[in-house]
Amino acid sequence: MDFPIFHIDFIGNRMLIAVDAILHVIINHALAVGALPVIALLELSGIRTKDPRWDRLAYRLLKVIFIITTTVGALTGVGIWFSASLINPAAIGSLIRVFFWGWFVEWIVFVAEVSLIMAYFLSWQSSGRTPEAKLKHLRLGIFLAIFSWITMAIIVAILGFMMDPGNWMSERTLISGVLNPMYFPQLAFRTTLAMVMGGMTMICLTYLFTRNDLPFRTTVLRAISSWSGIWMLALIIASVWYYQVIPQHMLANIPVAVTTQEYVSWNSSLKWLLTIGLSFVGWVLWSSIRHPGQVHGAKYLASVLLLFAMLGQFERVREFIRKPFIIGNYMYANGIRVEDYPLLQRDGILQHATYAGIREVTADNKVAAGREVFEQTCTRCHTVNGINSIRGQLKTMYGDKPWQPEVIAAYIENMHGARYFMPPFPGNKAELDALSVYLASQQKRATAFNGAQTNGIPIPDKISASTVYGTLPNLANPHGEQQ
Amino acid sequence: MTAPIPRDIPLPLPAPEGLLEILLIAVFLVHILFVHLMIGGSMFSLVCQIRGLKTPDYEKLAYRIMQTVTVNKSLAVVMGVAPLLIINTLYAPQFYASSALIGDMWMAVIPLVTLAFLLAYAHKFWWNHFLNIPELHIGIAALETVLFLVIPLIFMTNVNLMLFPEYWPKVTGFFSAMLLPNVLLRYLHFVSATVLFSSLFFVWWSGRKTFRVEVQFSELRVIDVRRFFYAFAFGATIFQILTGLMVFVSLPAQGMSWEFTVLLMLGGLVVLPAIWWMWQNLTRPGHLLDDNFKQILTCFACAAIVMGIARHDYRENALEDHKAAIAEKTINYQAAVKEASEEAQLAAIKAKETDIALPGATAFNQNCAACHHATLPTVGPALEEINAIYANDPAGIVAWTKSPGKKRPDSMKMPGFPQLSDAELMMISQYMLSH
């Protein structure tokens with residue numbers, strides 16, 4: 001409402017964030033949080049056994065980690081900021097105001113992490129000269145592993161807050177956001193999952209890098225598998241804990257029966273995936289501890305992919321839970337605060353959207369006005385023609401029968417009830433009609449839908465350029481003249 | 001042309017504004033320093049590689065320079081996060097608006113930087129693989145340098161656009177924003193600063209004791225390399241002052257003030273002694289390159305700090321009115337929101353009263369209305385249709401709702417409602433039939 005609307009119609013706005021974020025999370029968990037302890041472990045084994053092959057392997061693995069985390073890893077992290085601020089500026093802007101210091105601390109830890117990984121990687125070769133230097137170097141690695149875990153721990157607090165603001169709605173402080181009830185089970189689940197993922201990813205790479213030295217491969221794989229096996233047990237415990245805390249807590253917050261059922265089905269698909277995944281990965285790890293040379297690489301690879309899928313599903317459930325809100329109970333996913341609804345539903349959203357080009361729905365401008373309403377209220381989640389397209393959705397609902405505006409309007413009016421994950425419609429009756437007319441007009445021929453990055457914004461009119469509202473006095477300047 | 005006035009995010013700032021501004025200036029300077037070293041390093045490495053075709057020692061130098069780039073680039077990125085965070089906090093209405101207006105290119109920053117970094121690694125880690133294929137060896141370096149040079153242009157366009165809300169309605173897409181007066185000049189000023197700061201850095205870097213051992217020239221003398229960088233530093237300083245003057249003349253008047261002008265002059269004056277010393281060191285026999293080096297660096301550091309403050313001062317001037325108008329609008333909007341909320345609450349209380357007169361209405365609205373409209377088929381059939389099937393048979397509705405079947409081929413399966421008691425369902429059914 002207060003920002004020009006950026007929109008990419010073909011992959012969709014939600015998808016853009018999702019792709020970036022999932023890539024980031026996978027790299028962060030599998031190659032930083034979970035993998036760095038393994039590297040330190042290998043370096044330690046090298047020091048203990050005085051066998052240079054450990055050290056060489058550790059360095060090669062670290063090189064892969066270094067290259068990927070400092071390019072794609074770091075940039076997808078920044079990319080979350082970029083995409084979120086383009087797609088839902090109101091939400092990210094609000095989160096930043098609340099979590100500024102959390103993020104600031106996160107940044108300091110991040111600087112430490114990047115400096116440490118550079119020091120650790122770039123001084124690897126030169127640290128081998130004396131045993132003391134080597135021990136110091138190992139210490140760097142341990143610090144690095146700890147810092148990358150702390151980065152994650154802070155971020156989990158922020159994510160947890162977005163799902164369930166806990167006491168934040170009444171207290172509005174950073175600590176109340178951090179101490180929300182889902183923090184610790186989530187952190188435990190993520191930490192253990194990351195450790196197993198990191199271990200498994202390192203196992204895969206080791207398998208690849210040691211193909212010319214099979215006896216050594218056996219030794220290393222047994223070592224990493226035992227390490228990952230211990231985390232695997234912890235992961236099972238963490239999953240059980242997660243299941244004991246999260247679903248009840250979530251279900252208590254979902255008021256609509258249909259969504260409860262949908263949530264249960266999502267959650268049970270996560271449960272199945274976890275059960276199958278954990279059994280398979282557990283089995284692979286077990287055989288890898290007992291007969292490390294005999295497990296085929298494909299099984300390791302399958303384990304890694306399963307773990308990625310588990311993480312992906314976990315993130316999807318987390319996202320699902322959050323909807324229709326982007327900040328629980330405070331702001332809907334369309335970027336509009338719950339508090340704003342009565343005003344917008346009374347006056348119409350176009351009256352209050354700074355960058356809208358049409359303010360009032362008339363008999364002749366219905367399609368054009370409807371497009372603007374669609375832009376303001378639906379485009380954060382839907383495209384016209386791309387992923388999760390509104391045309392596709394309407395087509396599934398009404399098929400080739402002529403789409404009738406009245407029927408569509410009757411649906412949208414109640415869409416929050418029918419599909420709890422969609423926010424209620426935030427406009428007035430006339431806008432609802434216009435939106436439905438616009439949507440119906442898209443049945444035969446879809447008009448291209450571009451965002452502000454292509455279309456620009458309209459010349460400011462009186463509403464956009466003034467600072468007062470209707471008959472209300474100007475509170476900011478009680479003695480000044482009224483505009 | 002008038003500026004659009006949005007509302008601000010109605011949550012308090014996380015810290016006093018002044019503190020955030022100081023933090024912003026400080027972390028931004030650190031960020032931009034590493035950016036200069038990263039881009040300048042990439043440029044110098046490319047230049048040295050090309051000279052290396054004739055003089056192989058330059059090739060060795062290029063490799064050493066490239067090693068600094070991969071470190072500086074990581075620091076440039078991490079140090080950039082904090083200023084981004086603070087800009088997001090302090091200038092949400094302006095920064096998000098300008099970002100959206102150039103959204104495609106703004107988003108492209110991420111893949112472009114990633115690509116540039118990956119190229120830089122390929123360049124460095126596979127240096128010896130590519131040595132014998134000069135087209136590839138130099139081609140990668142050139143591509144990486146071009147990318148490194150494009151990225152700041154996108155940033156420049158955005159931070160310039162955010163300063164001038166009056167221009168927003170005129171902008172359609174990145175290129176129109178890039179062509180606003182002043183952007184390209186500012187960019188030129190930035191690039192010459194890149195050459196300046198990176199060549200100064202390399203003068204220091206090639207003067208370290210260990211440098212000679214690291215680089216192992218076969219014929220080239222270290223002093224020649226250092227003079228090479230020094231000459232660039234000197235030239236870039238002169239160019240920097242000239243472009244600075246042009247930027248000043250072309251800056252839109254919105255942000256001008258005496259304070260800003262004085263700051264700029266001060267920043268320029270501080271550099272003069274440095275220019276004098278550098279000139280002497282370059283031309284006078286008997287002077288060494290390292291003479292007064294600390295003082296020269298101090299001059300440039302002071303100038304950078306003063307310019308950083310001036311830059312912020314201009315931004316604050318340019319946005320002063322806009323920020324004030326936004327603050328005013330935000331307060332007034334909150335009042336309108338409150339008024340409408342109270343009105344809606346009153347209406348809700350009234351509606352409850354009528355609900356009590358109609359038992360079942362509330363339960364119906366909560367559980368069924370989402371899919372059952374009075375007259376139109378939405379997700380489920382309309383009440384009219386249901387009433388036709390179950391006229392005078394509320395128990396039939398209850399039975400269906402407890403375990404819905406699958407009847408209509410082109411609609412979804414209705415969910416069951418095990419949580420509703422028979423009595424509640426009966427009330428709902430009677431309400432439906434009475435409608």
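Proteins come first, then strands; the chains are lettered A, B, ... in the order of their sequence lines, and each starts at number 1. Below, each value reflects all heavy atoms present in this structure, side chains not excepted, and no hydrogens, waters or symmetry copies.
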Asks: Measure A:M415 against the heavy atoms of chain B and call it side chain, backbone, both or neither at under 4.5 Å.
Replies: neither
Asks: How close do A:Q345 and A:N428 get, counting heavy atoms only, and between which atoms?
Replies: O-CB, 3.2 Å
Asks: Can you find a heavy atom in the side chain of A:M397 that is under 4.5 Å from one in the side chain of A:Y411?
Replies: yes
Asks: Identify which part of A:I117 has an atom lying under 4.5 Å from any heavy atom of chain B, answering side chain, backbone, both or neither.
Replies: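 It is neither, since no heavy atom gets under 4.5 Å.
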Asks: Pick one of side chain, backbone, both or neither for A:I108, based on which atoms fall under 4.5 Å of a heavy atom in chain B.
Replies: neither
Asks: Measure B:Y333 against the heavy atoms of chain A and call it side chain, backbone, both or neither at under 4.5 Å.
Replies: both
Asks: Is it the case that over 12 heavy atoms from other parts of the model lie below 6.0 angstrom from the NZ atom of B:K413?
Replies: yes
Asks: For B:I5, is it the side chain, the backbone, both or neither that has a heavy atom under 4.5 Å from a heavy atom of chain A?
Replies: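 Contact with chain A involves both backbone and side-chain atoms of B:I5.
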Asks: When you measure from the centre of the six-membered ring of B:F34, is the NZ or CZ of B:K73 closer than 6.0 Å and no more than 45° off the axis?
Replies: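 Not satisfied by the 6.0 Å and 45° rule.
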Asks: So which of B:F174, B:W168, B:Y96 has the biggest tally of heavy-atom pairs under 4.5 Å with chain A?
Replies: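 Winner by heavy-atom pair count: B:Y96.
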Asks: Could you check B:F155 against B:W106 for ring-ring contact (aromatic ring centres under 6.0 Å, His included), going step by step and ending with a plain yes or no?
Replies: CA-CA 8 Å; B:F155 274 87; B:W106 186 239; 5.1 Å; yes
Asks: Who among B:N88, B:L118, B:I102, B:T70 has the most heavy-atom pairs with chain A under 4.5 Å?
Replies: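 Ranked by contacts with chain A, first place is B:L118.
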Asks: Under 4.5 Å from any heavy atom of chain B, what part of A:W107 do you find: side chain, backbone, both or neither?
Replies: side chain
Asks: Does B:E339 pair with A:R346 as a salt bridge, N-O distance under 4.0 Å?
Replies: yes
Asks: Kindly state whether the ring of B:Y121 and the ring of A:F66 have centres lying under 6.0 angstrom apart.
Replies: yes
Asks: Does any heavy atom of chain A fall under 4.5 Å from the side chain of B:L420, the backbone, both, or neither of them?
Replies: neither
Asks: Answer with side chain, backbone, both or neither: which region of B:K338 has an atom nearer than 4.5 Å to a non-hydrogen atom of chain A?
Replies: neither
Asks: In terms of heavy-atom pairs under 4.5 Å, which option from A:D340, A:I87, A:T454 contacts chain B the most?
Replies: A:D340
Asks: Taking all atoms of both residues into account, what is the closest heavy-atom pair of A:L75 and B:I110, and its distance?
Replies: O-CG2, 3.6 Å
Asks: Which region of A:Y355, side chain (C-beta onward) or backbone (N, CA, C, O), has a non-hydrogen atom less than 4.5 Å from a non-hydrogen atom of chain B, or is it both or neither?
Replies: side chain
Asks: Between B:S421 and B:E424, is there a side-chain donor-acceptor contact under 3.5 Å, judged purely by atom types and distance?
Replies: yes
Asks: If you count the non-hydrogen atoms of other residues, nucleotides and ligands that lie under 6.0 Å from CZ in B:F125, is the total more than 12?
Replies: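 More than 12 within 6.0 Å, yes.
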Asks: Between B:T172, B:I326, B:L85, B:T378, which has the largest tally of heavy atom pairs under 4.5 Å with chain A?
Replies: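 Most pairs with chain A among the choices: B:L85.
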Asks: So what's closer than 4.5 Å to chain B heavy atoms on A:K462: side chain, backbone, both or neither?
Replies: neither
Asks: If you compare all heavy atoms of A:V114 against all heavy atoms of B:S74, which two are closest, and at what distance to 0.1 Å?
Replies: CG1-CB, 3.9 Å
Asks: Quick test of your reading of the model: are B:D8 and A:R97 salt-bridged, counting only N-O distances below 4.0 Å?
Replies: yes
Asks: With no hydrogens and no angle check, just 3.5 Å: does a side-chain donor-acceptor pair link A:H416 and A:N414?
Replies: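 The criterion, which ignores hydrogens and geometry beyond distance, is not satisfied for A:N414 and A:H416.
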Asks: Less than 4.5 Å to any heavy atom of chain A: does that hold for the side chain of B:V77, its backbone, both, or neither?
Replies: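 For B:V77, side-chain heavy atoms alone lie under 4.5 Å from chain A.
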Asks: Could you give the distance from CG (A:N450) to CD (A:E375), rounded to the nearest 0.5 Å?
Replies: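 So the gap between those two atoms works out to 10.0 Å.
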Asks: Can you measure from NE2 (B:H373) to CD (B:E385) and round to the nearest 0.5 angstrom?
Replies: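 Taking NE2 in B:H373 and CD in B:E385, the distance rounds to 14.0 Å.
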Asks: Which heavy-atom pair separates A:Q453 from A:I8 by the least distance, and what is that distance?
Replies: NE2-CG1, 4.2 Å
Asks: With a 4.5 angstrom heavy-atom cut-off, could you sort out which part of B:L20 is near chain A: side chain, backbone, both or neither?
Replies: side chain
Asks: Using a cut-off of under 4.5 Å on heavy-atom pairs, state which of A:G79, A:G77, A:G93 scores highest against chain B.
Replies: A:G93
Asks: Tell me, for B:M79 versus chain A, whether the close heavy atoms (under 4.5 Å) come from the side chain, the backbone, both or neither.
Replies: both
Asks: Checking heavy atoms, do the side chain of A:L86, its backbone, both or neither come under 4.5 Å from chain B?
Replies: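 Only the side chain of A:L86 comes within 4.5 Å of chain B.
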Asks: Which heavy atom of A:I457 sits nearest a heavy atom of A:P4, and at what distance?
Replies: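 Here A:I457 and A:P4 meet closest at CG2-CB, 3.8 Å.
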Asks: Under 4.5 Å from any heavy atom of chain A, what part of B:L115 do you find: side chain, backbone, both or neither?
Replies: neither
Asks: Below 4.5 Å from any heavy atom of chain B, which atoms of A:L344 appear? Answer side chain, backbone, both or neither.
Replies: side chain
Asks: Counting only heavy atoms closer than 4.5 Å, note whether B:P111 contacts chain A via side chain, backbone, both or neither.
Replies: neither
Asks: At a 4.5 Å cut-off on heavy atoms, which part of B:A344 comes close to chain A: side chain, backbone, both, or neither?
Replies: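 When you check distances to chain A, only side chain atoms of B:A344 fall under 4.5 Å.
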Asks: Please give me the minimum heavy-atom distance between A:G335 and A:A90, naming the atom from each residue.
Replies: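 Nearest heavy atoms, A:G335 then A:A90: O-CB, 3.7 Å.
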Asks: Heavy-atom pairs under 4.5 Å with chain B are the metric here; pick the option from A:I408, A:V407, A:N455 that has the most.
Replies: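 Among A:I408, A:V407, A:N455, the one with the most close pairs to chain B is A:V407.
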Asks: Given a strict heavy-atom distance threshold of 4.5 Å, which part of B:E343 is in contact with chain A: side chain, backbone, both, or neither?
Replies: side chain
Asks: Which atoms of A:V72 are under 4.5 Å from chain B, going by heavy atoms: the side chain, the backbone, both sets, or neither?
Replies: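 Both backbone and side chain.
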Asks: Please rank B:E342, B:Q334, B:M105, B:Q67 by heavy-atom pairs under 4.5 Å with chain A and give me the top one.
Replies: B:Q334
Asks: Determine the option with the most heavy-atom pairs under 4.5 angstrom with chain B, choosing from A:E113, A:E413, A:R337.
Replies: A:R337
Asks: Between chain A and each of B:L75, B:V379, B:V71, count heavy-atom pairs under 4.5 Å; write down the option with the most.
Replies: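 The option with the most such pairs is B:V71.
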Asks: Checking heavy atoms, do the side chain of A:H352, its backbone, both or neither come under 4.5 Å from chain B?
Replies: both
Asks: If I measure from the heavy atoms of chain A, does B:Q345 come under 4.5 Å with its side chain, its backbone, both, or neither?
Replies: neither
